[in-house]
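Naming convention: chains lettered A, B, ... in sequence-line order (proteins, then strands); numbering from 1 in each chain.
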Amino acid sequence: MTVRTRFAPSPTGYMHIGGMRTALFNWLYARRHGGQFILRIDDTDKERNLDEALGPILQAFKWMGMDWDEGPEVGGSHGPYFQSQRTEIYQKALEKLLADGSAYKDFDPPEVIQADREAAQEEKKQYLNIRRSLELSNEQVTEYEAEGRKYVVRLLVPREEKVSLTDAVRGDVEFDCGLISDPVIARADGSPLYNFATTVDDADLEITHVIRAEEHLSNTPVQILIYRALGLNVPTFAHIPFVAAPGTKEKLSKRKLDKYRKNPQFKKMFEAADRVFPRIGLGGCDGLDPVMVEYYEKIGYLPDAVFNALARLGWSLDDKTEVMSRETIIENFSLERVVKSPAGLDPDKLDSLQQYWMSELPASEKTDHCLPYLIHAGLLPDLVSDDQRHLVDQVINVFGQRLSTFGDILEVDYFFKAELRESDIDEKGFRKRVCKGEVPKLLLEYSQQLEELTEWTASSIELSLQQFAESKEISAGLLIPALRICTTGAASGPDVYETLAIVGQNLCVERINDVAQRAADLQS
RNA sequence: GGCCCCAUCGUCUAGUGGCCUAGGACUCUGGAUUUUCGUUCCAGCAACUGGGGUUCAAAUCCCCAUGGGGUCACCA
């Protein structure tokens with residue numbers, strides 16, 4: 001039998017990074033065993049705009065490079081893949097259950113149920129639904145229905161039984177049915193509820209392995225009961241640990257964002273968002289946050305890095321392999337090596353993986369990815385000329401390992417600015433490095449030499465500075481930081497000679513004169 | 001509260017009774033390289049939640065405690 005796994009997102013308008021990890025394990029398992037990975041959309045909350053709500057989710061899969069064999073856009077032989085379009089299938093299953101007595105119509109209104117629950121609570125007793133409607137004779141049921149009384153359908157739980165399952169990651173787990181209330185499987189309007197719809201769908205789509213987050217473990221006995229009542233094959237279940245917030249054991253949740261901003265490990269991701277997003281027109285952190293997969297795409301992570309990091313969250317290949325290509329991960333993925341305890345997302349680890357995968361990326365691809373940031377930030381026009389592209393190549397080259405995420409390119413925006421404003425200059429560095437003794441005077445003098453330089457390369461600039469320093473009997477180290485500040489405004493950055501070479505002769509001379517003159521004025 | 005799950009360095013993890021004076025990676029600290037930052041290299045800090053068993057031998061098996069988490073809807 002071929003392996004078939006699935007991921008069933010609700011169209012919520014964004015893809016949760018923890019959900020992506022669950023999806024990844026499903027995808028990996030299918031790919032490892034040459035099976036199929038299916039995307040099914042749990043869109044029972046009908047009203048939403050589906051395109052808007054589903055688009056970002058599909059985009060996240062595409063970005064991650066996780067294709068699906070059946071589902072939206074690609075179709076497949078087991079469709080439809082939207083729950084909202086599968087109502088007849090549920091209806092049929094429901095009728096079957098009702099017909100053979102595995103389920104029953106419950107005419108108790110919600111208020112009565114609520115009262116029962118409160119009563120149980122008051123007596124400090126475990127609540128179990130009271131099966132009043134089960135006492136009804138067939139005639140009464142028909143009568144009630146004729147009257148138009150509302151009812152829900154409940155699964156009749158065999159209270160004397162126990163349900164056990166062998167979970168692929170957790171081993172044997174047993175539940176006592178005597179403790180399980182009869183779950184509602186269909187609402188008064190006939191619409192199915194999650195546990196029921198999921199079970200019917202998983203069976204109908206012939207899913208062989210249900211790999212999902214551990215919070216579903218307690219849903220499993222009910223689902224197994226439904227499989228049994230319907231006479232369906234029970235798939236293999238694998239309950240994987242959820243993804244926790246960095247440094248915690250709590251499930252990562254979008255509702256706790258305010259708390260995460262203060263989390264020491266998480267903080268820098270929010271700071272990066274504040275730094276990058278406003279500049280590329282994505283408006284701060286309110287729109288994108290590190291709980292969403294889209295955040296990683298938009299801030300400029302490599303899908304390979306996120307893929308690698310997510311795969312390592314709760315799974316390991318062996319005792320030492322950390323950096324893994326997709327191929328390696330696919331070849332080695334197994335449910336047996338999934339850890340049982342929750343794993344906190346580790347931004348530091350992700351960054352280190354990111355750095356590795358970035359270093360593996362061909363230079364021209366780095367340029368391709370950086371270009372949109374520069375364009376959106378208004379530093380380059382929409383149509384980039386060959387010269388401009390070449391400039392980006394050079395900048396990326398000297399920026400080297402400092403370019404971790406593509407958004408980092410904005411840190412060296414000075415290479416793309418026609419003029420350097422006073423506000424662009426690092427104030428502290430300016431006072432400390434430029435407004436210092438003879439420095440302004442020396443800079444003005446040296447800029448004349450630069451102006452006369454016939455060859456404008458990093459090495460010729462370096463040579464000229466050395467000669468100048470010698471002639472003045474000073475250390476070149478005195479002028480290096482000042483030159484950097486004058487030409488870029490930044491207190492630190494790539495090699496100063498390379499930097500000057502890229503900025504260009506005219507601009508360098510102009511900027512040095514400007515800034516040094518201002519320093520000289522301040523001194524007097 | 002009932003039920004269920006989980007428990008190794010700060011973090012992610014290796015470990016399935018003897019290869020464990022517990023291994024790797026990230027972070028951090030120190031050093032070397034680099035007239036900045038970063039990179040790279042080298043070194044270092046750092047953990048089996050506690051208590052009982054079982055056994056010649058336990059991080060590994062069993063029990064209890066503690067702690068953490070999940071779940072108990074006409075949500076998914």
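Residues A:L179 and A:E250 both approach RNA chain B. Their nearest nucleotides, taken by heavy-atom distance, put A:L179 toward the 5′ side. In terms of position on RNA chain B, the residue among A:R337 and A:S352 whose nearest nucleotide sits closer to the 5' end is A:R337.
Base pairing of B:A46: no nucleotide in any strand meets the Watson-Crick or G-U wobble criterion (both distances under 3.5 Å). Pair check for B:G1 finds B:C72; Watson-Crick or G-U wobble, both atom distances under 3.5 Å. Within the shown strands, nothing qualifies as a pairing partner of B:A59 under the Watson-Crick or G-U definition with both distances less than 3.5 Å. Within the shown strands, B:C6 is the pairing partner of B:G67 under the Watson-Crick or G-U definition, both distances less than 3.5 Å. Using N1 to N3 plus N6-O4 or O6-N4 for Watson-Crick, or N1-O2 and O6-N3 for G-U wobble, each under 3.5 Å, B:A22 pairs with nothing.
Residue contacts for A:F242: at a heavy-atom cut-off of 4.0 Å it reaches the sugar-phosphate backbone alone, with no base atom in range. Using a 4.0 Å heavy-atom criterion, one finds that A:G344 contacts the sugar-phosphate atoms exclusively. Counting any heavy atom pair closer than 4.0 Å across all strands shown, A:S218 reaches sugar-phosphate atoms only and no base atom. At the heavy-atom level, A:R170 lies under 4.0 Å from the strands shown only through sugar-phosphate atoms. Within the 4.0 angstrom heavy-atom criterion, only backbone atoms of the sugar-phosphate kind lie near A:Q401; the bases stay farther away. At the heavy-atom level, A:A476 lies under 4.0 Å from base atoms of the strands shown. Note on A:D348: only backbone sugar-phosphate atoms sit closer than 4.0 angstrom, heavy atoms only; bases stay farther off. Counting any heavy atom pair closer than 4.0 Å across all strands shown, A:F175 reaches sugar-phosphate atoms only and no base atom. In this structure, A:P481 reaches neither bases nor backbone, as no heavy-atom distance under 4.0 Å exists between it and the strands shown. A:R212 comes within 4.0 angstrom of nothing in the nucleic acid, heavy atoms only. Contact annotation for A:I480: base contact, defined as any heavy-atom pair under 4.0 Å involving a base atom. Using a 4.0 Å heavy-atom criterion, one finds that A:L313 contacts the sugar-phosphate atoms exclusively. Using a 4.0 Å heavy-atom criterion, one finds that A:K251 contacts the sugar-phosphate atoms exclusively. Using a 4.0 Å heavy-atom cutoff across all strands shown, A:V339 reaches sugar-phosphate atoms only and no base atom.
No more than 12 heavy-atom neighbours from other residues, nucleotides or ligands sit within 6.0 angstrom of CD on A:E52.
Cation-pi contact between A:K262 and A:F270: absent, since separation from the ring centre below 6.0 Å together with deviation from the ring axis within 45° is not met.
You'll find that the side chain of A:K349 is closest to B:G24, out of B:A14, B:G24, B:C75. Taking every side-chain heavy atom of A:S341 into account, B:C6 is the closest of B:C6, B:C5, B:C12. Distances were taken from every side-chain heavy atom of A:K340 (C-beta onward) to each of B:C74, B:C6, B:C12; the shortest belongs to B:C6. Distances were taken from every side-chain heavy atom of A:R402 (C-beta onward) to each of B:U36, B:G2, B:A76; the shortest belongs to B:U36. Residue A:P342 places its side chain closer to B:C6 than to any other of B:C5, B:U36, B:C6. Each of B:C4, B:A76, B:C6 was ranked by its minimum atom distance to the side chain of A:R187; first place goes to B:A76. Ranking B:U13, B:G1, B:G15 by closeness to the A:Q126 side chain, first place goes to B:G1. Nearest to the side chain of A:S316, among B:C74, B:U39, B:A14, sits B:A14. Nearest to the side chain of A:D495, among B:U36, B:C12, B:C5, sits B:U36.
One interatomic measurement links the two molecules: CG of A:L353 to C1' of B:G24, which rounds to 14 Å at whole-angstrom precision. Rounded to whole angstrom, the span from the NZ atom of A:K249 across to the P atom of B:C12 amounts to 5 Å. For A:N195 and B:C74, the CG to C1' distance is 13 Å, given to the nearest whole Å. Across the protein-nucleic acid pair, A:F399 atom CZ and B:C37 atom P stand 15 Å apart, rounded to whole Å. Here the P atom of nucleotide B:U36 and the NZ atom of A:K432 are 13 Å apart, to the nearest Å. At whole-Å resolution of the value, CD in A:E214 and P in B:C3 are 18 Å apart. The distance from atom CG of A:N129 to atom C1' of B:C74 is 13 Å, rounded to the nearest whole Å. For the pair A:Y127 OH and B:C74 C1', the computed distance is 12 Å after rounding to whole Å.
Of the inter-residue distances, the one linking A:F196 atom CZ with A:Y90 atom OH reads 9.0 Å to the nearest 0.5 angstrom.
A:Q114 and A:R117 form a side-chain donor-acceptor contact under 3.5 Å, judged by distance and modelled atom types alone. For the residue pair A:S10/A:D42, the side-chain donor-acceptor check at 3.5 Å is not satisfied.
Look at the C1' atom in both B:U11 and B:G17: the space between them is 29 Å, to the nearest Å. A distance of about 10 Å separates the P atoms of B:G38 and B:C28, rounded to the whole Å. For the P atom pair drawn from B:C64 and B:C26, the interatomic distance equals 41 Å after rounding to whole Å. B:G10 and B:A22: their P atoms are spaced 15 Å apart (whole Å). The same atom, C1', is picked in B:A58 and in B:G53; the two are 12 Å apart, to the nearest Å. For the P atoms, the distance from B:C9 to B:A47 is 9 Å, rounded to whole Å. With P as the reference atom, B:A59 and B:U49 are 11 Å apart, rounded to whole Å. Of the C1' atoms belonging to B:A7 and B:U60, the separation is 14 Å, rounded to the nearest Å.
In this structure, A:H16 contributes its side chain and A:G18 its backbone to a donor-acceptor pair below 3.5 Å.
In this structure, A:W315 has its ring center under 6.0 Å from that of A:F333.
Aromatic ring orientation, A:F468 versus A:Y446: tilted (interplanar angle from 30° to 60°). A:F237 and A:Y227 have perpendicular rings, their planes meeting at more than 60° on a 0 to 90° scale where under 30° would count as parallel.
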